[in-house]
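Structure record follows, encoded as structure tokens.
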Amino acid sequence: MSRIHSEQEQVRRDARARMEEAGINPFAYSWNVTHHAQPVLEGFDPERHQPQEDGPAPEPFRVSVAGRIMSRRIMGKAAFFHLQDATGRIQIYVSRDDLPEGFYNEVFKKLLDIGDIVGIEGFVFQTRMGEISIHAERLEVLAKALRPLPIVKETEERTFNEVTDKEFRYRQRYVDLIVHPDVRETFRQRARMVTAMRGFLDERGYVEVETPVLQPIYGGAAARPFTTHHNALDMKLYMRIADELYLKRLIVGGFDGVYEISKDFRNEGLSRFHNPEFTMMELYVAYKDYAWMMELVEELIEHLALTLHGTTELQVGAHTINFQRPWKRLPLFDAIEERTGHQLFGKDRDELAAVGKKLGLHIEDSMGAGKIIDEIFGGFVEPHLIQPTFITDYPVELSPLAKKHRSKAGLVERFEAICNGKEICNAFSELNDPDDQRERFEEQVRLGKRGDAEAMQLDEDYLRALEYGMPPTAGLGIGVDRLAMLMTNSESIRDVILFPLLRPEAEDASAEDTPEGAA
RNA sequence: GAUUCCGUAGCUCAGUUGGCAGAGCAUCUGACUUUUAAUCAGAGGGUCCUUGGUUCGAAUCCAAGCGGAAUCACCA
């Protein structure tokens, strides 16, 4: 079934057919690229490469480039166009008499369009207007674009016809990337950030591992999972919501430090800060505690800021954020007291509910003490924490995998780093007492039975692993997407995820499901 | 899930009180050998998101739906 083509698409399809009739393959096999746009612009030296009046003959700067035609200015027997490659744009000069007989008039002028991908061989020169350009001596069609691009025209002051529709940009990210160099740059920065993170961890000897995405029991976080089914074993499987329990099994197994950078999946709502599949970095280090981990986190993130930007001070939205260590450390209850005037330590559930109500929160009967504390923190404290801050020592009910605090009853040794009003990491001294862990799991199971869809499942195999003995361990999880948002000054998680989840397009709604067990 | 806003040509957008569907860029034809939003002359291009309703008449008013965005809720 073929779509009805727009006028412009039909023109391009006709051009493709005429190319084939003329013996030109509109989809070539390869092209020998020797140079890229940006390095050519930087490498051009007018004194060496440009003909000078009464000067010596220039040394030709010969290049072979390839890319997409992004603009065209045709003037009779000569033309200029801009070619865009992975590094940027460079202007190409073509004149009729430099190309094979008839090619300029019949092919270049009539059959090529903005958006087509071509290869150019020629020499670099500077135009009368001063723009460094390539004088084409050979031009080949490498790929014909059958759809028109949403063309962006730019001057130094203004941009015209820029695609601003976010739906278009997210659904057709390939087009977004073609027309928005800053989007390409954002994703390059994200890649550099992950590379730097990996380098930082590798340098310290931690082992990068891969643990199961498909899990018979999900755990390690409070979230609703995606469910799937394995046909051959006829078993229910869950997409992981966290890597935590498998990584700690590896600490039991004798690794001193393991980490994983991978996708987690949570069957929850979408927002500026939430995508159902997102990237998490989890790290576990034996014989360390959460205080040690705080130092590692601030060192890591300071390192990332310096690697990406050469400074620890980053502009993020309206704020300038300084990642220089050491970061402020503030126990959760002190942070709440600072903001609300209420000291919650030692208060029971009903006293906490009364404080919550006084602050204007909607407190439901089903909410436990930990949940109320979390609500108060999330509502009145977290949004105000702009500079990176470690919030420490959380209620035990909120942290079923964290070790009891060595000196504060009812709390665990846990911290979150908050920055720009959002959590960027979560870490604790890991609970390694299997009997305590069993009780915590059992409490989670009770919560689940009471209807908490995010309660954890009891993982017998994990308890068995702990019973063999897990050394004292510090664990960390960093939301890579949210960190990338900070590092690239992006206001939506969709701006740092190449293909964010959207509802299917209407045209695809009728597409048939893949039958179970097919292929 | 709630609220608000949005959906018109390939792209960005206008469209008056409800009265022939518009502009710029892009496309097509012609001119033009250093342009750069090239320029000049001419032309073509529309499921006005969808389905109903009101009306002599709907892009416009009403209802429902679809899709998107923002905010909120959810998100240890």
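Just so we're clear, the structure is a prediction, and the values are computed from it rather than from any experiment. Throughout, protein chains are lettered first and strands after them, A, B, ... in sequence-line order, and every chain is numbered starting at 1.
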U34(B) base to R128(A) side chain: any donor-acceptor pair below 3.5 Å? no
Quick one: side chains of residues 368-379 of chain A, donor-acceptor pairs under 3.5 Å with protein atoms, not counting sequence neighbours, listed by atom name and distance.
none

Do T127(A) side-chain and U35(B) base share a donor-acceptor contact under 3.5 Å? yes
Which ones in residues 419-430 of chain A lie close to RNA chain B, meaning a heavy atom under 4.0 Å from one of its atoms? E423(A), N426(A)
Summary of protein contacts for nucleotides 26-33 of chain B, nucleotide by nucleotide, where a base hit scores B, a sugar-phosphate-only hit scores S (4.0 Å, heavy atoms): BSS---BB
All salt bridge (charged side-chain N to carboxylate O under 4.0 Å, His left out) counterparts of R440(A), not counting sequence neighbours: D436(A)
Once you apply the 3.5 Å cut-off to both distances, tell me the Watson-Crick or G-U wobble partner of G24(B), or none. C11(B)
What does G1(B) pair with, Watson-Crick or G-U, if both distances are under 3.5 Å? C72(B)
Does a donor on one side chain and an acceptor on the other come within less than 3.5 Å for Y290(A) and D393(A)? yes
List the residues meeting ring pair (Phe, Tyr, Trp, His ring centres under 6.0 Å) with F333(A), not counting sequence neighbours, and say none if there are none. F345(A)
Counting distance alone, no hydrogens or angles: does the base of U34(B) have a donor or acceptor under 3.5 Å from a partner atom on the side chain of E131(A)? no
Look for any protein N or O under 3.5 Å of an N or O in nucleotides 69-72 of chain B and output each such pair with its distance, or none.
unit_1	atom_1	unit_2	atom_2	d
A69(B)	OP1	R494(A)	NH1	2.1
A69(B)	OP2	R494(A)	NH1	3.3
U71(B)	OP1	R272(A)	NE	3.1
U71(B)	OP1	R272(A)	NH2	3.4
U71(B)	OP2	R272(A)	NE	3.2

